Amino acid sequence: MDTEAPATLSEVEVFQHQARMAHQVVRVNTEGLTHEDSLVQPQPDGNCLNFVLGHLLNVYDQALPLLGQRPVLGAEALHRYRRGAPPLTDPAEAMPFSELLAAWDTASERFQAGLATLDPEAMERPMPGPDSGGKLTETVRSLLATILFHQAYHAGQTGVLRRIAGKPGAIP
């Protein structure tokens, strides 16, 4: 019988695991999809896969400086994918899906690298909340927890949007 206690993951390792899972879920759910597939709109409402992936990138691009990393595409390039933007229905407004996927990989790598630099003191640093008007209502820790929940939420949507595009589910 093994009496050794299992190793306890640090907070950063848990965040890294969550980020890896979101990255992998998106990659599995987008495997084999074309740009045209990414533009299929859910009915009667919602946003297409192209928008969801661009939105995920927009969030990481905003968070990367918090982790000492450079944004991948920048706010201007991802403006169409910001929170609260109307559904993406005009293909001319969509970034090429392959470009979004490549940027997703880079942003995910940078997010992981940035997480690896955090220490407990950095996690306690006060930060303004997303809708706080600049008031220090959060910590780096609480913002990261919110960001990772957000990424997981939308990563799950990619599986549904894959099926809406007429493809079989990718995660059993």
Side-chain angles (χ1 to χ4, degrees), residues 15-31 33-42 45-118 125 127-162 164-165:
F15 285 161
Q16 287 177 314
H17 177 72
Q18 291 172 324
R20 270 191 308 277
M21 294 291 293
H23 178 255
Q24 291 170 351
V25 165
V26 169
R27 289 307 278 165
V28 167
N29 283 330
T30 57
E31 181 69 31
L33 297 182
T34 65
H35 179 71
E36 291 72 26
D37 293 331
S38 82
L39 297 173
V40 174
Q41 290 290 334
D45 251 341
N47 237 315
C48 63
L49 181 55
N50 188 287
F51 180 88
V52 170
L53 184 55
H55 180 65
L56 286 166
L57 275 164
N58 186 49
V59 168
Y60 266 176
D61 254 23
Q62 290 178 53
L64 286 170
L66 169 72
L67 301 172
Q69 299 289 313
R70 287 180 300 112
V72 178
L73 295 176
E76 188 174 321
L78 293 169
H79 181 76
R80 180 63 185 87
Y81 299 96
R82 75 191 184 288
R83 177 179 169 201
L88 179 59
T89 56
D90 182 354
E93 294 179 354
M95 291 181 69
F97 194 55
S98 59
E99 191 176 316
L100 289 173
L101 287 169
W104 171 246
D105 290 341
T106 302
S108 295
E109 289 170 15
R110 289 182 189 174
F111 195 80
Q112 287 285 347
L115 286 173
T117 67
L118 294 177
R125 191 171 67 236
M127 299 295 299
D131 298 317
S132 70
K135 294 179 184 163
L136 300 177
T137 60
E138 302 276 351
T139 63
V140 168
R141 172 185 292 106
S142 64
L143 280 177
L144 288 173
T146 299
I147 288 165
L148 289 164
F149 172 79
H150 174 273
Q151 301 300 77
Y153 175 85
H154 288 298
Q157 288 179 325
T158 65
V160 174
L161 291 166
R162 175 185 180 84
I164 288 171

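Predicted, not measured: the structure shown is a model, and the values here were computed from it. Atom set for the values below is all heavy atoms of this structure, side chains included, hydrogens, waters and symmetry mates excluded.
- Of the inter-residue distances, the one linking Gln112 atom CD with Gln69 atom CD reads 10.5 Å to the nearest 0.5 angstrom.
- Note that the CH2 atom of Trp104 and the CG atom of Leu57 stand 6.5 Å from one another [nearest 0.5 Å].
- The two residues Met95 and Ala77 make their nearest non-hydrogen contact at SD-O, 3.7 Å.
- Counting all heavy atoms, side chain and backbone alike, Tyr60 lies closest to Ser108 at CE1-OG, 3.8 Å.
- Looking only at side-chain heavy atoms (C-beta outward), His23 and Arg20 stay at 4.5 Å or farther from each other.
- Between Arg70 and Asp61 there is no salt bridge, since no side-chain nitrogen of the basic residue lies less than 4.0 Å from a carboxylate oxygen of the acidic one.
- Distance alone, capped at 3.5 Å, is enough to place a donor-acceptor pair between the Asp37 side chain and the Thr34 backbone.
- Between the side chain of Thr137 and the main chain of Pro128, no donor-acceptor pair closer than 3.5 Å is present.
- The distance from the CD atom of Glu36 to the SG atom of Cys48 is 12.0 Å, given to the nearest 0.5 Å.
- Here the closest non-hydrogen pair linking Met127 and Thr139 is CG-C, 3.9 Å.
- In this structure the side chain of Leu53 reaches within 4.5 angstrom of the side chain of Phe97, judged on heavy atoms.
- Counting only distance, with no hydrogens or angles, the side chain of Asn58 and the backbone of His79 share no donor-acceptor pair below 3.5 Å.
- Side-chain contact between Arg162 and Leu49 is absent, with no heavy atoms from C-beta onward closer than 4.5 Å.
- Here CG of Leu101 is found 9.0 Å from CD of Glu31. Values are rounded to the nearest 0.5 Å.
- Contact of the Leu161 side chain with the Ile164 side chain is registered, since non-hydrogen atoms from C-beta on lie closer than 4.5 Å.
- In terms of heavy atoms, Gln41 sits closest to Gly46 at OE1-O, 3.4 Å.
- In the displayed structure, Arg83 atom CZ is contacted under 6.0 Å by at most 12 heavy atoms of other residues, nucleotides or ligands.
- The two residues Pro86 and Arg80 come nearest to each other via the heavy atoms O-NH1, 2.9 Å.
- Heavy-atom contacts from other residues, nucleotides or ligands closer than 6.0 Å to CD of Gln24 number more than 12.
- Between His154 and His150, the ring planes are perpendicular. Angles over 60° get that label, and only those under 30° would be called parallel.
- Separation of atoms CZ (Arg125) and CD (Glu138) is listed at 13.5 Å; rounding is to 0.5 Å.
- Arg110 places no side-chain N or O within 3.5 Å of a backbone atom of Leu64 that could act as its donor or acceptor partner.
- Using a 4.5 Å heavy-atom threshold, the side chains of Ser38 and Leu100 count as separate.
- In this structure, Arg27 pairs ionically with Asp105, as a charged nitrogen and a carboxylate oxygen lie closer than 4.0 Å.
- Between Leu73 and Thr106 the shortest side-chain heavy-atom distance does not fall below 4.5 Å.
- Proximity of Leu56 to Tyr81: side-chain heavy atoms (C-beta onward) are nowhere separated by under 4.5 Å.
- Atoms CG and CD, on Asn50 and Glu99 in that order, are 10.0 Å from each other to the nearest 0.5 Å.
- Looking at every heavy atom in both residues, Ala63 comes nearest to Phe111 through CB-CE1, 4.1 Å.
- With Asn29 as the partner, the side-chain contact (heavy atoms from CB on, under 4.5 Å) test is satisfied by one option alone out of Val25, Leu33, Val26: Val25.
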